Amino acid sequence: MSFSPKKIFSKFEMTSLSFPNYWDLAAIILVLAILVILGFGVHQMSLPYQTGETIPISLDPWNLPYYALRSVLRMLISLVFSLVFTFIFGTLAARSKHAERIIIPMIDVLQSVPVLSFLSLTIVGFIALFPGSMWGPECAAIFAIFTSQAWNIALSFYQSLRTVPYELQEAASMFHLSFWQRFWRLDVPFAMPALLWNIMVSMSASWFFVVAAESITVANHNIMLPGIGSYIALAVLKADGWSVFYAILAMLIVIFLYDQLLFRPLSNWGERFKFEQDDDNTRSGTWLAALFENTTWVRRSGILLKKFWESFVNIRLLQGQAQVIPSYNQKWQKLLVIFWYVFLFAILAMSLAIVSKFIFAYVSFKEGFHVIYLGLITCTRVMVLIVLCSFIWVPVGVWIGLRPKYVDFFQPIIQMLAAFPANLFFPVVVMLIVRYHMNVEIWTSPLMILGTQWYILFNVIAGVSALPKEMQQVASNFNVNGWLWWKRIVLPGIFPYYVTGAITAAGGAWNASIIAEAVNWGQTKLVATGLGAYITVQATNGDFPRLVLGTGVMCLFVIAINRILWGPLYNLADERFRLE
């Protein structure tokens with residue numbers, strides 16, 4: 001495809017001769033205001049900072065708009081890095097079996113590593129990387145938030161690429177698309193509906209970890225970054241109920257704003273990428289889209305960006321060519337693969353030996369077995385909660401997904417519910433447990449799933465939205481209903497999406513156990529028996545050998561469950577329930 005910048009600029013000049021209208025003025029003011037606000041926030045993130053310096057955090061509610069800006073900026077920056085990670089590693093895992101055997105277990109491990117462990121191990125490195133700058137602790141917080149977003153988005157993208165229909169793959173081959181063109185013309189558009197849903201739920205669920213990311217406690221040294229998370233942490237520490245209320249109100253306003261300015265337009269835009277379009281499109285447009293559609297200059301200026309995007313997408317990079325590989329090359333290729341796996345196994349064994357030596361130089365084997373016992377308790381909590389949430393949210397997700405006109409209504413509500421950090425429920429939980437002498441081991445458990453159960457709901461809604469309309473019409477014509485309808489139509493159709501949501505919800509629940517099993521409100525502290533509470537105590541005390549032990553045991557539990565349960569379910573979803 002030929003590309004001439006001169007032709008584009010000449011066309012752009014010809015179409016820009018008309019005068020701007022009032023809509024142009026409103027759109028330009030809105031865009032400039034957003035850019036100025038974001039620029040101010042980035043400037044504040046780059047101010048000087050010295051290690052040990054106390055950053056004042058005030059509970060004055062008038063500071064909440066500024067704190068909200070800093071928190072949202074961190075979340076948006078981490079979201080950009082999460083998308084880059086997703087496009088690189090999600091694609092590699094879906095396209096290469098050898099890469100899949102490394103990347104998917106790596107994600108299994110990383111999504112089970114608690115945020116406190118990431119912060120404890122990375123804060124020193126980031127501060128050393130940016131000496132004398134606020135970017136050191138800021139990057140540590142951004143990285144911690146990244147770890148709460150990236151794995152879910154990457155798994156969703158990986159699952160979508162594995163279920164691309166064969167006819168679309170054949171069409172891409174017939175048009176001789178290069179790897180680069182296929183990625184942007186087929187893979188990304190096909191994955192876009194589920195990807196957008198998971199981006200929204202990841203953005204909302206990351207609020208749960210903003211508290212830990214912005215209020216860093218390592219070796220009894222506190223670093224509190226300006227943000228809603230640190231505001232909530234300080235309010236909980238001082239048992240200030242009114243400040244908690246102000247934080248809730250600020251979060252509702254912030255979620256509403258970025259839903260209207262970002263996610264609602266993206267969700268409506270993503271409808272065009274559905275595998276099958278719905279003729280009866282009952283979803284309403286957004287006021288932001290209507291604003292830009294009524295502009296003159298702004299809309300026409302998009303022609304230039306569109307042309308540049310087309311030229312970027314149509315680069316014939318990594319053009320695939322069918323070649324017959326000689327037999328001797330195949331032998332060398334097999335030997336190279338064997339050598340690669342032996343090398344990886346050796347590196348893994350060496351790493352395990354070094355870590356084990358480091359841990360058990362300070363920790364007894366008896367304590368090691370006790371930590372495994374704590375892991376079994378937390379594992380039981382996680383699996384019971386996943387089963388209960390599945391029975392609740394799968395029917396709800398199917399009901400919402402089958403009614404597109406309700407999606408716009410429920411989407412912001414679900415985002416708001418998903419965004420509520422469990423810390424905001426601490427006063428209620430602590431007061432109920434203390435007043436009615438309730439069992440701490442049981443009644444703190446729901447806090448583990450509050451922020452992660454929405455992964456199941458969002459993925460089920462995305463799966464129902466992707467069901468072929470012909471399949472639903474055939475079921476209606478043959479009067480297929482009741483359990484037969486669930487067994488033959490709905491459950492097989494949403495199964496790949498449910499597995500993705502359940503895996504991420506389980507990983508998030510493991511991660512959330514560090515907050516849910518050690519609850520405090522002011523001077524009242526409730527600690528449940530479990531691996532999460534153990535990790536929280538060791539991170540606060542700065543006991544790195546025991547922190548590494550607790551984190552390692554948690555990783556081993558998650559890997560074992562994924563290999564025994566979720567891995568086979570993933571393969572079943574790929575082999576039996578993909579669209580063809």
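It should be emphasised that the depicted structure is a prediction, and the values quoted were computed from it without experimental measurement.
For Q50, the side chain to side chain donor-acceptor pair (under 3.5 Å) criterion is met by no residue, not counting sequence neighbours. Remark: L402 pairs with V398, V464, Q472, W485 by the side-chain contact (heavy atoms from CB on, under 4.5 Å) rule, at least two apart or across chains. Partners of W62 according to the ring-ring contact (aromatic ring centres under 6.0 Å, His included) rule, which considers only residues two or more places apart in sequence or in another chain, do not exist here. With sequence neighbours excluded, the residues satisfying side-chain contact (heavy atoms from CB on, under 4.5 Å) with W399 are R403, Y406, F410. In terms of the side chain to side chain donor-acceptor pair (under 3.5 Å) criterion, S148 has no residue partners (sequence neighbours excluded). By the side-chain contact (heavy atoms from CB on, under 4.5 Å) test, I103 is found to be paired with F89, L92, A93, A99, M106, I107, residues two or more places apart in sequence or in another chain being considered. Residues satisfying the side chain to side chain donor-acceptor pair (under 3.5 Å) test with Y246, not counting sequence neighbours, are none. In this view, L249 and I253 satisfy the side-chain contact (heavy atoms from CB on, under 4.5 Å) rule, not counting sequence neighbours. Here D240 pairs with S243 under the side chain to side chain donor-acceptor pair (under 3.5 Å) rule; sequence neighbours left out.
The CG atom of L76 lies 7.0 Å from the CG atom of L262; values are rounded to the nearest 0.5 Å. For the atom pair D187 CG and L195 CG, the distance stands at 12.0 Å (nearest 0.5 Å). Taking OH from Y258 and CZ from R264, the interatomic distance works out to 13.0 Å, rounded to the nearest 0.5 Å. Distance check, rounded to the nearest 0.5 Å: OG1 of T500 to CD1 of I494 gives 11.5 Å. Note that CZ of R185 is 11.5 Å distant from CZ of F175, once rounded to the nearest 0.5 Å. To the nearest 0.5 Å, atoms CD1 (I145) and CD1 (I77) are separated by 9.0 Å.
Between the side chain of N198 and the main chain of I153, no donor-acceptor pair closer than 3.5 Å is present. Using a distance-only test at 3.5 Å, with no hydrogens or angles considered, a donor-acceptor pair links the side chain of Y67 to the main chain of S58. Side chain of D259 to backbone of I255: no donor-acceptor contact under 3.5 angstrom is found. At least one donor-acceptor pair under 3.5 Å links the side chain of S230 to the backbone N or O of G227. For the pair T91 (side chain) and I88 (backbone), a donor-acceptor distance under 3.5 Å is absent. At least one donor-acceptor pair closer than 3.5 Å links the side chain of Q181 to the backbone N or O of S178. Side chain of E214 to main chain of P226: no donor-acceptor pair is present (N/O by atom type, distance under 3.5 Å, no hydrogens or angles). Using modelled atom types, one side-chain atom of Q149 and one backbone atom of L79 make a donor-acceptor pair closer than 3.5 Å.
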Below 3.5 Å, can you tabulate the donor-acceptor pairs from side chains in residues 29-44 to any protein atom, sequence neighbours excluded?
residue: Q44; atom: OE1; partner: Y66; partner atom: OH; Å: 3.3

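Closest of all the heavy-atom pairs between G397 and I461 is O-CG1, 3.6 Å. Scanning both residues, L161 and G90, for their nearest heavy atoms gives CD1-O, 4.3 Å. When all heavy atoms of T295 and A27 are compared, the closest pair comes out as CG2-CB, 3.9 Å. Considering every non-hydrogen atom in both C389 and I456, the closest pair reads CB-CD1, 4.2 Å. The two residues L225 and I55 come nearest to each other via the heavy atoms CD2-CD1, 4.0 Å. The minimum heavy-atom distance linking F130 with C139 is given by the pair CE1-SG, 3.6 Å.
No hydrogens or angles considered: a donor-acceptor pair under 3.5 Å links the side chains of Y498 and S390. N152 and S202 are linked by a side-chain donor-acceptor pair at a separation below 3.5 angstrom, with hydrogens and angles left out of the test.
Sorted by first and then second residue, the pairs that involve residues 127-141 and meet side chain to side chain donor-acceptor pair (under 3.5 Å), not counting sequence neighbours, are R70-E138, R74-E138. Within the structure, salt bridge (charged side-chain N to carboxylate O under 4.0 Å, His left out) pairs that include any residue of residues 457-467 do not occur (at least two apart or interchain).
Aromatic ring centres of F85 and W151: separated by under 6.0 Å. Between F183 and F87, the ring centre distance stays below 6.0 Å.
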Could you walk me through whether L168 and F190 pass the side chain to side chain contact (heavy atoms under 4.5 Å, CB included) test, one step at a time? CA-CA 9 Å; L168 294 183; F190 179 79; 4.1 Å; yes

Can you list the steps and then say if N63 with I57 is a side chain to side chain contact (heavy atoms under 4.5 Å, CB included)? CA-CA 9 Å; N63 290 318; I57 303 296; over 6 Å; no

Would you please test L288 and Q260 for side chain to side chain contact (heavy atoms under 4.5 Å, CB included) and show each step? CA-CA 8 Å; L288 188 65; Q260 292 295 312; over 6 Å; no

Determine whether Q169 and M174 satisfy the following criterion, side chain to side chain contact (heavy atoms under 4.5 Å, CB included), listing intermediate values before the conclusion. CA-CA 9 Å; Q169 299 183 40; M174 289 175 61; over 6 Å; no

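Taking 4.5 Å as the limit, every side-chain heavy atom of L155 sits out of range of all side-chain heavy atoms of Q159. Under the 4.5 Å side-chain criterion, counting only non-hydrogen atoms from C-beta, K238 is in contact with L59. For the pair F263 and I199, the minimum side-chain heavy-atom distance is below 4.5 Å. Taking the side chain as every heavy atom from C-beta outward, S71 and W207 approach each other to under 4.5 Å. The shortest side-chain heavy-atom distance between L291 and W23 falls under the 4.5 Å cut-off.
Atom CZ of F126 sits in a crowded spot, with more than 12 heavy atoms from other residues, nucleotides or ligands closer than 6.0 Å.
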